[in-house]
Amino acid sequence: QVQLVESGGGFVHAVGSLRLSCAASGRTFSSVIMGWFRQAPGTEREFVSASCRSGGSTDYADSVKGRYTISRDNAKNTVYLEMNSLKPEDTAVYYCAASRRLFYSGSAYYMTTAYDYWGQGTQVTVSS
């Protein structure tokens with residue numbers, strides 16, 4: 001089992017920045033692949049970013065590429081999502097997720113079904 005707790009959400013003006021954190025406990029953090037998703041009201045949960053176990057391979061949705069950065073500190077059991085140049089359309093509840101799968105293969109982790117554990121989410125609101 002892995003328990004995930006997100007933090008760092010809040011209200012920010014457009015072009016501002018936020019850093020989300022997701023603290024994990026339970027299973028050895030370095031053994032899980034981590035991802036970030038978001039969900040705006042009335043929409044499906046969508047992929048934002050993913051990181052392999054070491055953090056050496058990462059992937060991003062086209063909508064956030066160049067503005068968001070995923071990183072992880074395995075010693076602190078924490079994954080981060082640095083969000084810059086925020087836009088009103090980035091407003092959503094952001095979720096971190098963990099996968100027990102053995103191999104990181106990029107696009108396979110764009111789907112919610114690739115993940116076994118989810119946090120409760122943190123709200124990000126970007127005003128224009």
Side-chain angles (χ1 to χ4, degrees):
Q1 285 286 343
V2 176
Q3 293 77 44
L4 302 172
V5 179
E6 302 97 336
S7 61
F11 179 92
V12 64
H13 292 291
V15 309
S17 299
L18 281 174
R19 187 174 83 154
L20 305 183
S21 299
C22 174
S25 60
R27 189 182 180 102
T28 303
F29 183 68
S30 59
S31 71
V32 293
I33 291 162
M34 296 299 297
W36 285 97
F37 286 74
R38 66 186 182 185
Q39 187 168 20
T43 69
E44 302 265 326
R45 193 169 296 190
E46 66 172 1
F47 170 76
V48 173
S49 184
S51 168
C52 71
R53 291 180 184 79
S54 69
S57 292
T58 58
D59 283 86
Y60 298 92
D62 288 343
S63 59
V64 306
K65 204 170 291 184
R67 299 188 298 123
Y68 288 17
T69 303
I70 188 171
S71 61
R72 61 191 293 167
D73 186 336
N74 287 345
K76 295 183 178 179
N77 292 350
T78 303
V79 63
Y80 305 97
L81 186 68
E82 184 76 34
M83 306 185 296
N84 298 313
S85 301
L86 282 161
K87 305 174 182 179
E89 51 264 43
D90 294 319
T91 295
V93 177
Y94 283 70
Y95 299 89
C96 69
S99 174
R100 297 175 301 180
R101 292 186 180 186
L102 293 179
F103 302 107
Y104 185 76
S105 52
S107 60
Y109 292 89
Y110 291 15
M111 298 178 291
T112 59
T113 51
Y115 297 86
D116 304 290
Y117 308 103
W118 292 85
Q120 83 290 348
T122 186
Q123 176 71 46
V124 171
T125 302
V126 184
S127 70
S128 57

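Pairs engaging residues 78-87 under the side chain to side chain donor-acceptor pair (under 3.5 Å) rule: Ser17-Asn84 [sequence neighbours left out].
When all heavy atoms are compared, the tightest approach of Ser30 to Arg72 is CA-NH2, 4.1 Å. Contact detail for Tyr104 and Ser51: the closest heavy-atom pair is CE1-C, 3.9 Å. Here the shortest heavy-atom pairing between Tyr94 and Leu81 reads CD2-CD2, 4.1 Å. Val79 and Ser71 make their closest contact through CG2-O, 3.1 Å (heavy atoms, listed as atom of the first residue, atom of the second, distance). Nearest heavy atoms, Ala50 versus Tyr115: CB-OH, 3.6 Å. The heavy-atom pair separating Ala14 from Ser128 by the smallest distance is CB-CA, 4.3 Å.
A donor-acceptor pair is defined here as one N or O able to donate and one able to accept, closer than 3.5 Å; no such pair exists between the side chain of Arg19 and the backbone of Gly8. Checked by atom type and distance alone, the side chain of Arg101 never pairs as donor or acceptor with a backbone atom of Ala108 at under 3.5 Å. In this structure a side-chain-to-backbone donor-acceptor pair under 3.5 Å is missing from Arg100 to Tyr117. Judged by distance alone, the side chain of Glu6 and the main-chain N or O of Leu20 form no donor-acceptor pair under 3.5 Å. Between the side chain of Thr91 and the backbone N or O of Val126 there is at least one donor-acceptor pair closer than 3.5 Å.
Ring-plane geometry between Phe47 and Tyr110 is classed as parallel, the angle between the planes falling under 30 degrees on a 0 to 90 degree scale with a further cut at 60.
When the ring pair (Phe, Tyr, Trp, His ring centres under 6.0 Å) test is applied to Tyr60, no partner is found at least two apart in sequence or on another chain. Under the rule for a side chain to side chain donor-acceptor pair (under 3.5 Å), Tyr109 has no partner lying at least two apart in sequence or in another chain. Asp59 is linked by a salt bridge (Lys or Arg N to Asp or Glu O under 4.0 Å) to nothing, counting only residues two or more places apart in sequence or in another chain. Listed by chain and number, the residues in a salt bridge (Lys or Arg N to Asp or Glu O under 4.0 Å) with Asp73 amount to none (sequence neighbours excluded).
Partner of Val93 under the side chain to side chain contact (heavy atoms under 4.5 Å, CB included) criterion, chosen from Gln120, Arg38, Arg45, Gln123: Gln123.
Through chains of ILVMFWY side-chain contacts below 4.5 Å, Phe103 is grouped with Leu102.
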